[in-house]
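Here the structure comes first, spelled out in structure tokens, and everything after it is commentary.
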Amino acid sequence: MKLLLIHSDFIEYEVKDKAIKTPEDTSKKKDRLEEALTAFTAVEKVDEKSPKQAVKQAVDEIIKTAEQLKVKNIMVYPYAHLSSNLASPKKAQEILIEMEYELKQKNFNVKRSPFGWYKAFKISCKGHPLSELSREILPVKEETESLKKERKLSSDWYILTEDGNLHDVGKFNFKSHENLKKFSFYEKEKSRAVKGEPAHVTLMKKLEIADYEPASDGGNMRFYPKGRFIKKLIEHYVTRRVVEYGGLEVETPIMYDMQHPTLSEYLQRFPARQYQIESDKRNFFLRFAACFGQFLMAHDATISYKDLPLKIYELTKYSFRREQSGELTGLRRLRAFTMPDVHAFTSDLDMAMNEFKVRFDLSLSVLENIGIENNDIEMALRTTKDFYEKNKNFILDLVKKFGKPILVEIWDERIFYFILKFEFNFVDLSEKASALSTDQIDIENGERYDIKFTDKDGTIKHPLILHCSPSGAIERVIYALLEKEAIKMSKGEKPMLPLWLSPTQIRFIPVGDEYIKECENFSQELNKNEIYKIRLDIDDREESVSKKIRDAEKEWIPIIVVIGEKEKNSKKFTPRFRDKSVVDISKKYSMKELSDLVIKNIKGYPQEPIPLPIYLSKRPKFKG
RNA sequence: GCCGCUGUGGCUUAGAGGUAUAGCGAUUCCUUGGUAAGGAAUAGGUCGCGGGUUCAAUUCCCGUCAGCGGCUCCA
């Protein structure tokens with residue numbers, strides 16, 4: 001059976017002449033249905049063998065579509081021209097009547113136009129992507145075969161365990177791998193579970209990190225001082241790690257000529273995804289990755305095999321992708337985002353694979369040090385069957401490094417420009433998965449961009465290119481950190497940002513005005529270390545001590561120190577530690593001990609001064 | 001982009017065909033405080049925006065913008 005489903009403002013028809021010898025009796029010469037899903041239907045020879053099944057499958061398909069479109073009115077419309085292998089009119093008519101009956105049973109408002117007549121019809125198709133669908137209904141036996149064929153063309157999904165075994169995703173026992181299950185399910189099929197609104201969106205506003213900017217395009221965020229600060233520290237940290245790894249930091253333009261021969265070829269494949277800008281008579285697109293600038297730069301460079309692997313790095317501020325408006329959410333999916341992107345140009349597959357390993361370790365370490373640990377992420381690997389077969393041990397090494405089972409997608413043939421790709425995915429509170437770190441081995445673009453290096457023997461060759469983002473988009477890293485804390489909160493635990501990222505690390509709360517001076521003295525004592533400056537502030541507002549503590553807790557301040565007569569005299573403090581796992585809360589601390597404690601935790605991370613006035617009374621409220 | 005839901009002072013929100021609640025926050029005053037909200041007063045809103053219906057619209061209708069959920073997508 002062939003179905004053509006049209007979502008229309010209306011459908012109307014008028015019966016004209018007989019099309020077959022014995023058309024269906026009909027008194028109604030004209031009919032019309034508003035806001036309808038019209039199912040143009042051609043019943044075929046194969047349906048005669050198992051008419052019940054054909055009816056059921058067709059009805060299921062129609063209902064599925066109708067529900068998606070929230071349509072109550074359905075017009076079943078016989079339309080022979082969809083097939084060249086029609087069933088007999090008698091059988092066809094029976095099946096159509098049966099379809100009408102079944103649909104009515106499911107409480108749809110169903111009309112059916114008469115069988116066997118030439119009819120004039122008018123239809124007003126709504127024109128959205130789901131408004132025109134064609135479906136082929138085949139008896140089950142043949143269906144599995146066609147499905148198999150389809151699957152062969154696309155890809156297979158597996159779970160690869162540390163022992164080197166590939167498991168069918170459907171059969172794998174996900175016990176103690178809950179997140180991998182959520183991730184696999186999200187990747188492989190479309191998860192339809194009911195979900196609340198994203199937790200990090202509430203948090204990013206409440207903590208004055210980021211917010212929507214109605215005056216800009218969707219997915220272009222504003223960052224408040226604390227948000228800019230956190231973002232800046234992550235940017236610095238990732239950049240430092242990449243530079244230590246050997247990345248040469250560059251800066252390239254954010255817009256490129258759409259007519260440029262190399263770029264246009266690349267663009268043709270994804271035409272509707274960019275912002276476009278006009279300047280004089282030329283049209284430009286905003287970059288959606290750092291590739292363009294770096295590849296064009298590499299194209300013009302003189303590169304010897306001695307320089308390889310050559311690593312070029314840029315922190316793109318911004319990369320732009322015109323995602324569909326409905327796909328945008330908070331800091332998770334944006335139209336403008338900050339992307340660290342380090343490419344490695346390598347001489348051959350051996351070098352590429354070696355480098356892939358190095359960057360795999362780098363990515364894992366960067367994420368972990370930022371605060372997103374191994375059990376917060378799930379790994380996916382995509383490759384071709386051919387590559388997998390030849391490099392099983394290499395891939396297994398990666399899995400062992402990762403230390404838990406991963407999701408693997410294997411294509412029969414290469415679909416994209418890369419032959420191997422890994423991703424570290426974060427699964428959030430509403431069970432959505434997003435990729436953070438990623439790296440891929442690209443075997444096309446060296447040639448496409450005509451990037452060349454001179455090999456040992458003097459021949460000119462195109463390099464294989466690795467594309468890596470060790471952390472993923474910085475905004476998305478913040479999203480993951482916030483969602484991670486939201487998950488904690490849902491378990492009744494206190495949320496906190498890592499100490500090195502907290503805009504305020506220690507807050508002093510004077511018991512009264514007269515102790516503000518004391519706070520200042522102590523803060524100098526606290527910051528005696530030459531290299532590490534602890535970010536502290538003083539709540540000098542005219543509020544009760546309890547109120548100030550409450551506000552500090554709401555702000556996720558890691559360490560709160562109340563200062564009054566006792567402290568003034570004894571120089572010993574009883575701080576409130578937000579994260580009680582690493583400290584002794586019964587202990588009294590001196591300023592030196594507190595300072596050492598903080599420094600121990602922020603060693604090796606970027607240092608920046610507090611991004612707000614030290615006195616709370618001098619701070620504006622950006623939100624609420 | 002499609003389908004659906006939502007949109008009320010800076011924030012969170014009540015409400016209804018006759019221009020509107022309350023809490024937080026802000027300001028001022030009182031209180032001078034000891035580990036998650038001390039007390040009082042004042043100011044602040046063309047009820048997202050545009051149009052229509054109506055004697056009258058913030059409330060009903062249409063459109064639009066934004067957010068959320070789902071679909072699709074994620075090079």
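Throughout, protein chains are lettered first and strands after them, A, B, ... in sequence-line order, and every chain is numbered starting at 1.
- Not counting sequence neighbours, A:Phe387 has no partner by the ring-ring contact (aromatic ring centres under 6.0 Å, His included) test.
- Taking the side chain of A:Gln324 as heavy atoms from C-beta on, and the options B:rC73, B:rG25, B:rG67, the nearest nucleotide is B:rC73.
- Atoms CD1 (A:Ile560) and P (B:rA36) sit 9 Å apart, rounded to a whole Å.
- Looking at heavy-atom distances under 4.0 Å, A:Ile509 makes no contact with the nucleic acid at all.
- What separates CD of A:Glu213 from C1' of B:rG67 is a distance of 14 Å, to the nearest Å.
- A:Phe418 meets the ring-ring contact (aromatic ring centres under 6.0 Å, His included) test with A:Trp411, A:Phe416; sequence neighbours excluded.
- Ring-plane geometry between A:Tyr224 and A:Phe622 is classed as tilted, the angle between the planes lying from 30 to 60 degrees on a 0 to 90 degree scale.
- Remark: the A:Gln294 side chain and the A:His343 side chain contain an N/O donor-acceptor pair separated by less than 3.5 Å.
- The only member of A:Leu296, A:Ile465, A:Asn445 that meets side chain to side chain contact (heavy atoms under 4.5 Å, CB included) when paired with A:Ile451 is A:Ile465.
- Taking the six-membered ring where tryptophan is involved, the planes of A:Phe320 and A:Tyr275 are perpendicular, since the angle between them exceeds 60° and thus also 30°.
- Counting only heavy atoms from C-beta outward, the side chains of A:Arg448 and A:Thr262 approach each other to under 4.5 Å.
- Using a 30° and 60° split on the angle between ring planes, A:Tyr589 and A:Phe577 fall in the perpendicular class, above 60°.
- For A:Asp9 and B:rC2, the CG to C1' distance is 14 Å, given to the nearest whole Å.
- The base of B:rC73 sits with one of its N or O atoms less than 3.5 Å from a complementary donor or acceptor on the side chain of A:Arg333.
- Under 4.0 angstrom from either OP1 or OP2 of B:rC74 there lies no side-chain N or O belonging to A:Lys421.
- Judged by the 6.0 Å distance and 45° axis criteria, A:Lys181 is not positioned over the aromatic ring of A:Phe183.
- B:rC2 and B:rG63 are spaced 12 Å apart, taking the P atom of each and rounding to whole Å.
- At B:rG70, one or more side-chain N or O atoms of A:Lys432 fall inside 4.0 Å of OP1 or OP2 (strictly under the cut-off).
- The 5' end of RNA chain B is approached more closely, in terms of each residue's nearest nucleotide, by A:Gly219 than by the other of A:Gly219 and A:Arg321.
- Between A:Arg576 and B:rA36 there is a side-chain polar atom (N or O) within less than 4.0 angstrom of OP1 or OP2.
- For A:Lys621 and B:rA26, the shortest distance from a side-chain N or O to OP1 or OP2 is below 4.0 Å.
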Exercise. Dot-bracket for RNA chain B, 5' to 3', counting Watson-Crick or G-U wobble pairs under 3.5 Å, with [ ] for crossing pairs and | for inter-strand pairs?
Worked result: (((((((..(((.....[...))).(((((.......))))).....(((((..]....))))))))))))....
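- Across all strands shown, A:Phe622 has no heavy atoms under 4.0 Å from either base or sugar-phosphate atoms.
- Between A:His200 and A:Glu483, the side chains place a donor N or O and an acceptor N or O closer than 3.5 Å (distance only, hydrogens not considered).
- Across the P atoms, B:rG25 and B:rG39 are found 10 Å apart, a figure rounded to whole Å.
- Looking at every heavy atom in both residues, A:Gly330 comes nearest to A:Tyr212 through N-OH, 3.2 Å.
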For nucleotides 42-45 of chain B, list the nitrogen or oxygen atoms of the protein found under 3.5 Å from its nitrogen or oxygen atoms, one pair per line.
none

Using a cut-off of under 3.5 Å, enumerate the N/O to N/O pairs linking the protein to nucleotides 31-34 of chain B.
unit_1	atom_1	unit_2	atom_2	d
B:rU31	O4	A:Glu542	OE1	3.1
B:rG33	N7	A:Val511	O	2.6
B:rG33	O6	A:Asp513	N	3.4
B:rG34	O6	A:Glu565	N	2.6
B:rG34	O6	A:Lys566	N	3.3
B:rG34	N1	A:Glu567	OE1	2.9
B:rG34	N2	A:Glu567	OE1	3.1
B:rG34	N2	A:Glu567	OE2	2.4

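- Remark: A:Ser595 engages A:Leu526, A:Ile534, A:Ile599 in a side chain to side chain contact (heavy atoms under 4.5 Å, CB included) (not counting sequence neighbours).
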